[in-house]
Amino acid sequence: MDVPPPGTWSAKPPAPDKSCELYIRDYPHRSIAIVSPSHVLILRYSSSTSGQDPNGSHTSLCSSKARNNPADSSIAKCMVEFSPISEKLLKDYRPLTPRPIYGTLGLIAVSGEVFLSVITHASRAATVRPGETVERIGSVAFYCLSSADYDDVVPLESLEPDMSDAVSVYSQTSAYGQNLSRREVALEHPCHELRKLLSNGSFYYSTDFDVTNRAQDRPLNSDSFDIDNFDDAFLWNSFMISPLVKFRSRLLPQERESLDSSRILTSAFRGFCKTMTIPQSSCPIKSRSGMPSYLTLISRLSCRRAGTRFNSRGIDDDGHVANFVESETSFWSPAGVFFSYAQIRGSVPVFWEQAADLVPGRQKITVTRSPEGTQPSFNKHFEELEQTYGAVHVVNLLSETKPAEIELSTLYANGIRNCPLSRPGMDGDEDHALLRETRYDFHAETKGPAGYEAAREIRRYIEDSIDGFAYFLAEEARDGSENLEVKHHARMVVSLQQEGVFRTNCLDCLDRTNLIQTLISQMAVEAFLGHRGLFAASDFWMRHSSLWADNGDSLSKIYAGTGALKSSFTRHGKMSLAGAVADVRKSVQRIYHNNFVDPSRQITIDMLLGRLVGQAPVHLFDPISDFVSVELNKRGEEFSSSETISIWVGTFNLNGRTEGTEQDLSPWLFPPPMENEQPDIYAVGFQEIVELSPQQIMNSDPSRKNLWEQAVQSTLNRRQAALGGEKYVLLRSGQLVGAALCIFVKTSALKQIRNVEGSVKKTGMSGMAGNKGAVAIRFDYANTQICLVTAHLAAGFANYDERNRDYATIHHGLRFQRNRGIDDHDAVIWMGDFNYRIGLSSETARALVKRRDLESLYENDQLNLQMVAGLAFPFYSEARITFLPTYRFDIGTDEYDTSEKARIPAWTDRILRKGAILRQLLYDSAPLKFSDHRPVYAYFQCRVSIVDEARREAISQELYRRRTADVGASGSHVGEFDETEDEDLIGYDAIEPGLPPASSDRNKWWLDNKQPARAQIPVPRGRDGQPMALNPNRPSNPFGHNEEQDWISISRSSSRASFSSLSSSPYEKVTLPTMMMNSSASASTSTPRKPLPPRDTSTTGNLAAKVGRMNLAAAEQGQAASSHTAPPPPPPRRQTGGSGMGPGPPSISSQGAGIPLAGMQGGGLPPPLRPTSAAASHSSQDTSSRGKAPPPVAKKPSHLTSSSPASPSSPANGFGDGGTGPRRHPTWPSKQPVAAGGTNGSSSGAQPPSGQRLGQADLLDSLEDDGHGMGSWETLQPSRA
């Protein structure tokens, strides 16, 4: 439990009606309940749909992104329920915290666990006007939904809520601390850094009004607010709270209203917020009520390009800038007057970066994109400002003497000049343009004896805009009464609106900016009072200055780690010695923070905002939402499309030469096979752009890179002008000493490109030097992520292991923002001098080159061998090499190295690709001879994905409404379904028409009302029109891998053809053949079966009927010619291909009848009978109806009788002497030899061997193997012997 330092929050906590209680239930499922006075929100982690399932859901939902995404498997799911509070609902819950909580910041998944973030301490920070209060977050806690492992992990470090620059000693001196900070903590909470960030006192929230919007943009006469209207640009817990906001949007209107009134959901912003209470004596506007007035300053820091000082600079492709802050000064008087004035600050809106350094003044500024490539984002930034605030007046405070700041100011001015908003107004007056600039060198203007006091001279440059922009003013409606006493619900009427905004910047947008913004705010308040004929006393302005000084300190601590410089002047109006010493101390602290603390702070910020690679929001489980997701994936073609773009990629080792900039680069940039193609993107990689001398390997000189950029761009645009095509602009370039990468794109492609980032990785001298390494640039083209890498790896013939290590270092160590790596892209292309050689002697290699035996050379190529062995560039591909080795030539000739070293020719310059969306069309070298290398190029087609987000959202809403109408809007009621698995709540549908829905523990497709399901299977017909039969060779498990057909056609001319269905399921019903149906019909009119006659042991039985295919006429003849002679031996086993046997099986001999085998084949064969008891009964009854002897009643099979089968008194066949009828035996065939002269040719072999498993048998083969009749189903009756 978090315990705040005593005396830290002197302000009172929020009112009890703005707090909730936290409860937990451990069994049967871990659940956390947030309980308000009237309602409860219950959250439960869904274990069965998270973590182990590869798709994050048992419904196998696909990601909306088509990318690789390890992030999909980590999507966490939770179940949620919101309902009125009841004793039954909370009967199994216990309090989780002894004190109330003041809001819910949301859910986040960290380290595979799901955590609920709640506010545990808060204090009143501001009262904008009665009924509109703002709370400052003092501390937060993260409670694990998915595990109890972190329940006892207590944070022990100091909270430092007042953000003092001094080191806190609370943990050592407090009575609660007990020196616990020195103990070893066995388990660190996964949200430790997040908790520290959210508890540092820079976050605020309000449960009364929409605090993310300025007064002019929010309703003033409403007692409630809609969280859906919050400005996401300033909503710092948007990532965590978004699942709950989406859940809220799906509730019914009355439920949504109840959730809002419960104040459970909290929206936090970061920045500064404070109210100064102005007593009547100091207030410029007097009131009869005697109540004080409120002077409030709220600064909202944008989270769109959030980050620390050296990790977040400039602009991004969406037009968002670093350290963008909206500061609103408001004044409320009980006289019924409400004044508001907003102004903004933000980083210079061009693409630039700055590296941290321990030495002040050595933080080098790098511009990363050309003016042409910057302009679209620049325009987007100011168009958004114009739509939000109106006209924009830029106040640029950068120095005009420092080279780096001069460069930024020049680019800034160029962007403004080319921005459509800067065009003069309708009357041609430049003062009426929507965008104008004032350049004010703050340091130069305040260098004189007047010091910072001279900054007040800026008034004369901006006073016209102060008057033109006006301010926001609302007044209470006067209903004919002069009593202006405060009324909490008095109707406010807007009298005036602010129509423009000042955008102030310096390099960091901290110290200089805050001082100038203080003056602008003062001018606006003076204008407001002046229009009313009033003025303020010095005490009022001191409070105003104190607010702005506190504001500067807070914003500076957020961005740079320390309080603002020059705050002494801002606070007191003069600079003191103590203030100067404090500024020196803060400067030293900033160096420490920027170099050692900020990198980890940046990762924590990105985690809070959900911007780390692979990070996904927690999914609140909702069956309807899952259905919508599945349907959206099925209908992806309706809102997504693909487009093919072309990418030219080239690499050239320049050997440190610059004379090539004056030569024609067309053979390389526009090779003849391309003809008039105009690629959408040109990616040009250079190596050894400068000579790699010992003086050069530690620093990068951009002058050479700039020369080659201009040479390439001018060559491209000369051709475009000749072809009438679009111009190419430099998107971004990067350099690492000698390696450089430049990306040029068509002007029309800029609108599709965003999130352009660059990164470098050194590999020389164990990562200390940049003579070897890589430069990478990544960007999003529409919805496809592309990464381009140029690399220069270790040299040396035998150093392929070192080159492999260089590749591994670059692959694993090169990182973009938000921890994104090279593999986290849809398409990756490597180009460069990889330095892999050909493992042959110089003479052999040169001879093969002379014969153009490229195959033999490639077989000995080191890169080819290392890739085959998986030691370098795994999963990358290279097109077939059709050009001669590109290294090493004598300068200006086609001769390979003739120097003393006589280097072996090699393909050191290569281009590799990875990504299914890439298709390579060309791969060749170009005949440019001013270097010892030949340039190499490749031409690709890339299929990019384009998603229409508006259309996708419209389809999603339509599906949700339709599904809700079909199944109702019942949510996942956690309390009612705790005893079931989570997947039982999913609304399963069949994956294919005609199939049953997917099963769960409650519903199983193979059970119909708890009974086995039955299916009617129609018998298909073959090509001959006859019914097919089930394949006896198919496996019993239909889900196993097999190639057997379910149904087979059997020729009806074959005597082996059987209508039997050898099915593995006893429930299948196969239609009987027509002849068998006829037999069944005749059997229905036959006489009843007679009992079995007594057995005569002196005679042997004669079988007049045989099972299977038997000749009834021959059976009758055999009955008349019976004798008492000994039976002949059984017939031999059937031999395949034997003569005289015909296609049918051999006949079965009758005991004592002497019937020849051929006799069984004489005459016409009756229709074959199905070997079942029913079929046998039909046949025997038909025989009886024609005067034949009735068949005997079957007795127990011989293997079930108690007597020995060899006993003469108990014949093995189990029939009487003179009985006629089919003889039966078990379904397993006897494989034992038949004893000559044995009774009926049978032996104890009819009994299965011990331990033999019953299996499927070929019924026809079993009849032939041992001479027995066949039957699988027996009718057991008592023996009458």
Side-chain angles (χ1 to χ4, degrees), residues 646-674 677 679 681-692 704-705 707-716 718-719 728 733 735 738-744 774-775 788-793 795 829-837 849 854 861 863 878-897 903 905-913 920-940:
S646 52
I647 304 175
W648 183 96
V649 176
T651 179
F652 197 177
N653 187 313
L654 298 171
N655 194 29
R657 298 180 175 272
T658 58
E659 56 265 29
T661 57
E662 305 297 330
Q663 295 192 17
D664 183 16
L665 301 178
S666 297
W668 180 39
L669 300 175
F670 322 117
M674 281 180 54
E677 292 291 329
I681 299 173
Y682 268 89
V684 186
F686 294 110
Q687 301 82 44
E688 296 188 31
I689 202 169
V690 297
E691 295 182 6
L692 299 181
R704 293 283 186 94
K705 175 176 70 72
L707 283 175
W708 282 102
E709 285 177 2
Q710 297 170 7
V712 172
Q713 189 170 10
S714 61
T715 304
L716 292 176
R718 279 198 303 269
R719 180 174 182 260
Y728 285 97
S733 62
Q735 182 180 359
L741 178 61
C742 310
I743 309 295
F744 301 90
V775 181
L788 301 162
V789 186
T790 186
H792 195 186
L793 306 184
I829 300 176
W830 283 65
M831 70 207 83
D833 181 0
F834 299 157
N835 260 322
Y836 285 94
R837 310 303 172 88
V849 168
L854 303 184
D861 176 68
L863 178 58
E878 183 181 29
R880 182 182 180 86
I881 296 180
T882 59
F883 51 91
L884 293 175
T886 57
Y887 173 85
R888 176 182 187 185
F889 291 91
D890 291 338
I891 302 296
T893 71
D894 288 328
E895 295 292 329
Y896 286 99
D897 188 16
R903 294 177 178 86
W907 286 298
T908 58
D909 308 281
R910 311 288 274 269
I911 298 175
L912 307 178
R913 72 183 188 276
Q920 188 166 350
L921 303 179
L922 296 175
Y923 191 29
D924 207 343
S925 62
L928 299 183
K929 304 178 182 179
F930 55 83
S931 173
D932 58 356
H933 288 251
R934 292 289 183 265
V936 174
Y937 65 87
Y939 188 53
F940 297 92

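No hydrogens, no waters, no symmetry mates; every other heavy atom, side chains included, goes into these values. All of these numbers come straight from a predicted model, not from anything done at the bench.
In terms of heavy-atom proximity, I689 sits nearest to A740 at CD1-CB, 4.0 Å. Nearest approach of G660 to L665, heavy atoms of both residues: O-CD2, 4.0 Å. Contact detail for E688 and L654: the closest heavy-atom pair is O-CB, 3.8 Å. Heavy atoms only, all atoms of each residue included: Q920 and A938 are closest at NE2-CB, 3.6 Å. Heavy-atom minimum distance, V789 versus A774: CG1-CB, 4.1 Å.
Here the side chains of L884 and P905 are not in contact, with every heavy-atom distance at 4.5 Å or above. In this structure, the side chains of T661 and Q710 stay at 4.5 Å or more apart for every pair of heavy atoms. With a 4.5 Å cut-off on side-chain heavy atoms, V649 and I681 do not count as touching. Between D909 and P935 there is no side-chain heavy-atom pair separated by less than 4.5 Å. Annotation: side chain of P679 is in contact with side chain of M674 (closest heavy-atom distance under 4.5 Å). Side-chain contact check for W708 versus C742: every heavy-atom pair is 4.5 Å or farther apart.
The side-chain contact (heavy atoms from CB on, under 4.5 Å) test applied to I891 returns N655, R657, D932, not counting sequence neighbours. In this view, Y939 satisfies the ring-ring contact (aromatic ring centres under 6.0 Å, His included) rule with no residue, not counting sequence neighbours. With sequence neighbours left out, E878 forms a side chain to side chain donor-acceptor pair (under 3.5 Å) with R910, Y923.
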>> For D861 and W907: C-alpha separation, side-chain torsions, deciding distance, then whether side-chain contact (heavy atoms from CB on, under 4.5 Å) applies.
In response: CA-CA 8 Å; D861 176 68; W907 286 298; 4.2 Å; yes
> Hey, mind stepping through F930 and F652 against ring-ring contact (aromatic ring centres under 6.0 Å, His included) and telling me if it holds?
Replying inline: CA-CA 11 Å; F930 55 83; F652 197 177; 5.3 Å; yes
> Step by step, would you call D890 with D897 a side-chain contact (heavy atoms from CB on, under 4.5 Å)?
Replying inline: CA-CA 5 Å; D890 291 338; D897 188 16; 3.9 Å; yes
> Does the pair L669 and F744 meet the rule for a side-chain contact (heavy atoms from CB on, under 4.5 Å), with working shown?
Replying inline: CA-CA 12 Å; L669 300 175; F744 301 90; over 6 Å; no
> Hey, mind stepping through T908 and R837 against side-chain contact (heavy atoms from CB on, under 4.5 Å) and telling me if it holds?
Replying inline: CA-CA 6 Å; T908 58; R837 310 303 172 88; 3.9 Å; yes
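A ring-ring contact (aromatic ring centres under 6.0 Å, His included) with W648 is found for one member of F940, W668, F670 and no other, namely W668. Applying side-chain contact (heavy atoms from CB on, under 4.5 Å) to Y728 and the options T715, L716, I743 leaves one that passes, L716. When each of T790, N653, N835 is tested with Q687 by the rule side-chain hydrogen bond (donor to acceptor under 3.5 Å, both in side chains), just one qualifies, namely T790.
Remark: Q735 CD to K705 NZ distance equals 6.0 Å, nearest 0.5 Å. Taking OG1 from T886 and CG from D833, the interatomic distance works out to 7.5 Å, rounded to the nearest 0.5 Å. In this structure, CE on M831 lies 5.5 Å from CG on L741, to the nearest 0.5 angstrom. Annotation: the span from D924 atom CG to F883 atom CZ amounts to 6.5 Å, rounded to 0.5 Å.
The local environment of CD in E659 is crowded, with over 12 non-hydrogen atoms from other residues, nucleotides or ligands closer than 6.0 Å.
With F889 as the aromatic partner, R934 meets the cation-pi criteria of under 6.0 angstrom to the ring centre and within 45 degrees of the ring axis.
S733 and E709 share a side-chain donor-acceptor pair at under 3.5 Å.
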